[in-house]
Amino acid sequence: GDSVTQMEGPVTLSEEAFLTINCTYTATGYPSLFWYVQYPGEGLQLLLKATKADDKGSNKGFEATYRKETTSFHLEKGSVQVSDSAVYFCALSTGNNRKLIWGLGTSLAVNP
Amino acid sequence: DSGVTQTPKHLITATGQRVTLRCSPRSGDLSVYWYQQSLDQGLQFLIQYYNGEERAKGNILERFSAQQFPDLHSELNLSSLELGDSALYFCASSVELSGRGGPGANVLTFGAGSRLTVL
């Protein structure tokens with residue numbers, strides 16, 4: 001069945017470091033791909049999305065490119081800030097009902 | 001403020017009890033989703049409603065039930081509570097039925113969650 005695999009956390013970085021959180025997927029058809037972020041004590045919120053191969057989603061300095069050939073949607077940011085400390089979820093939607101399939105989440109802690 | 005309102009924010013109760021969690025979706029959103037988030041199982045989809053009708057079911061236990069009312073708010077009822085039901089319960093809403101695949105499809109707006117502790 002369809003699935004999303006994220007790198008396990010926690011990830012701990014110093015401020016201004018480069019961030020990559022890996023996400024790979026298995027899906028039939030042509031899924032849409034999403035990154036959601038959950039800040040401490042809050043609900044999830046959409047960070048970025050891509051709906052077709054080679055699309056790049058971007059927001060708040062984060063980027064992810066939909067790579068069909070490697071079935072990946074890795075999240076990157078060139079210079080993280082303390083305020084980026086959160087849990088990041090990769091997700092896909094596919095199928096007739098476009099049900100969302102979620103990864104387990106990757107916790108990121110950024111130290112000053 | 002995401003526009004999705006959940007009450008209560010925190011709830012502590014005993015095993016065997018029943019609780020109701022309430023969700024008001026963002027204005028204009030017709031779809032409501034319920035999720036359970038626990039440390040050991042991550043984010044689990046429970047159930048989805050669209051304009052009052054059940055549209056999709058996930059890993060929802062038989063002890064749990066939900067409904068969406070004509071004013072589009074939704075309630076999640078959890079009964080015969082067990083220790084393992086302790087978790088964060090999130091409500092999310094979206095403007096479109098997921099099957100339509102339009103620009104807003106599957107873009108969910110989440111509430112801040114209701115933290116349930118069963119003692």
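Chain letters run A, B, ... following the sequence lines, proteins first and then strands; every chain starts at 1.
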Can you hop from [X] to [Y] via hydrophobic side chains spaced under 4.5 Å?
| X | Y | result |
| --- | --- | --- |
| B/L88 | B/V19 | no |
| A/M7 | A/L47 | yes |
| A/L48 | A/V37 | yes |
| B/F45 | B/L21 | no |

Do B/Y35 and A/L100 pass the side-chain contact (heavy atoms from CB on, under 4.5 Å) test, and can you show the C-alpha distance, the side-chain angles, and the key distance before you say yes or no? CA-CA 12 Å; B/Y35 284 86; A/L100 272 168; 4.2 Å; yes

Tell me whether the count of non-hydrogen atoms from other residues, nucleotides or ligands lying under 6.0 Å of [atom1] in [X] goes above 12.
| X | atom1 | result |
| --- | --- | --- |
| A/E8 | CD | no |
| A/L104 | CG | no |
| B/E62 | CD | no |
| A/E16 | CD | no |

Restricting to non-hydrogen atoms, name the atom on [X] and the atom on [Y] that form the minimum distance, rounded to 0.1 Å.
| X | Y | value |
| --- | --- | --- |
| B/L108 | A/Y36 | N-OH, 2.8 Å |
| A/F34 | B/V107 | CE2-CG2, 4.4 Å |
| B/F90 | A/Q38 | CZ-NE2, 3.2 Å |

Going by salt bridge (charged side-chain N to carboxylate O under 4.0 Å, His left out), name the pairs with one or both residues in residues 81-91 of chain B, residues two or more places apart or in two chains.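 Residue pairs with at least one partner in residues 81-91 of chain B: B/R63-B/E82, B/R63-B/D85.
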
Please state whether the side chain, the backbone, both or neither of B/Q37 comes within less than 4.5 Å of a heavy atom of chain A.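 Contact with chain A: side chain only.
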
Inter-chain contacts: residues 110-119 of chain B against chain A, heavy atoms under 4.5 Å: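 Those residues of residues 110-119 of chain B which have a heavy atom under 4.5 Å from chain A are B/F110, B/G111, B/A112.
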
Gap between atom OG of B/S2 and atom CG of A/L44 - 0.5 Å precision: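 Atom-to-atom, A/L44:CG and B/S2:OG are 11.0 Å apart.
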
